[in-house]
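Both ligands and their constituent atoms are indexed starting at 1 by order of listing. The analysis underlying the following values was restricted to heavy atoms, covering all of them including side chains, and did not include hydrogens, waters or symmetry mates. The first residue of the sequence shown is numbered 1, and numbering continues consecutively from there.
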Amino acid sequence: MSIPLMPNESLPKVELISEIKRLRKEKNAVILAHYYQDPEIQDIADFVGDSLDLSRKAAATDADIIVFCGVRFMAEVAKIISPSKTVILPDMEAGCSLEDSCPPDEFIKFREKYPEHLCLTYINCSADIKAMSDIIVTSSNAEHILNQLPKDQKIMMAPDRHLGAYLSKKTGREMIFWPGSCIVHEQFSEKELIKLKASHPDAPVTAHPECPETILRHADHVGSTSSILKFVIENPAKKFLVATEPGIIHQMQKSAPDKKFIGAPGADGNCNCNQCPFMALNTLEKLYKCLNTLQPEIKVDEITRIKALAPLNKMLEMSPSISSNKNPSAGRAF
Ligand code: 13P
Ligand code: SF4
């Protein structure tokens, strides 16, 4: 039987962990976590991964309940792909600034303005925006998908203008961008990064493509969270500068304990401002409570779900095969 918790009452951490493990088994639940979650959530999850890995896991699981430790759009994707499962999120307020930057009533006008353009939409958006898109992409498959499209196909990309600009430069394709951005990745300071590089000249710089070009131009490797993790594991350097949310450093340290990882700084010279405030809303205690009550639950209305499923399925069909992802951390329970 679950331990009842009064409002404002909390269990000691060891009890929380053993209760989460017990409830997960009792309810046939799977805990999926993104790399930006707190280390203690990553450590209890059945699977830790990037947005694409987590979508694939949500599609493949035979669990009855998916506990999604990430942000709301990620949990929504799990529900769209696996509608028969109960999908819960520890904190329903865990949104995303990219999702917020792309309201459906404005996006519809943007689409109408460019009727000949194929709409490639970054997975960091609401189900309503997905429902208006042609193909969904993540930072780990966008380039691969783009390269499969005919050269004369006109393309629009939403909502992340930095990812769009990076892809346009990388593939040489012109695109029209929605002017959204991630508040976390925009905080990195080029000036501070240059100073940090000068203090650590032997440390390669890794960066997520949600960073502005002023940061990406200094990067030795640009990629999704899984790709950055793979890079630091395989690269022989002993020290790395990391320009993405610092939650990823937990898996880096676990996978390469002999290496050093330094978070890229924000304008004030420290990197605390680069923590995603939305991801941080999920805590071990909220994870316990949501497993206990199966609330809050993700709901997507059926018409939107079916419309949003088509571009998500396109993404899954056009993504690189799983075997080409050599990241030793992806697809493994920690
Ligand atoms: P990844 O798909 O690389 O994990 O990125 C998700 C995200 O929200 C980055 O801010
Ligand atoms: Fe959204 Fe940025 Fe947080 Fe990623 S880091 S979930 S893009 S706000």
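- The shortest N/O to N/O separation between D50 and ligand 1 does not fall below 3.5 Å.
- For atom 7 (C) of ligand 1, the closest non-hydrogen atom on the protein side is E210 OE2, 3.5 Å.
- With sequence neighbours excluded, no residue satisfies salt bridge (Lys or Arg N to Asp or Glu O under 4.0 Å) with K191.
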Side-chain donor-acceptor pairs under 3.5 Å in residues 94-105, sequence neighbours left out?
from: S97; atom 1: OG; to: I183; atom 2: N; distance (Å): 3.0
from: S101; atom 1: OG; to: L98; atom 2: O; distance (Å): 2.7

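- H250 and Q37 form no side-chain donor-acceptor contact under 3.5 Å, judged by distance and modelled atom types alone.
- At a 3.5 angstrom cut-off on N or O pairs, S224 does not count as close to ligand 1.
- Shown here are the salt bridge (Lys or Arg N to Asp or Glu O under 4.0 Å) partners of K197, two or more places apart in sequence or in another chain: there are none.
- Ion pair D43/K254 flagged as a salt bridge, since at least one NZ, NE, NH1 or NH2 atom sits closer than 4.0 Å to an Asp/Glu carboxylate oxygen.
- Looking at T138 next to ligand 1, no N or O pair under 3.5 Å apart turns up.
- By the 4.0 Å heavy-atom criterion, Y35 is excluded from the residues contacting ligand 1.
- Among protein atoms, those of element N, O or S found less than 2.8 Å away from atom 3 (Fe) of ligand 2 are C276 SG.
- Closest heavy-atom contact between I41 and A33: CG2-CB, 4.3 Å.
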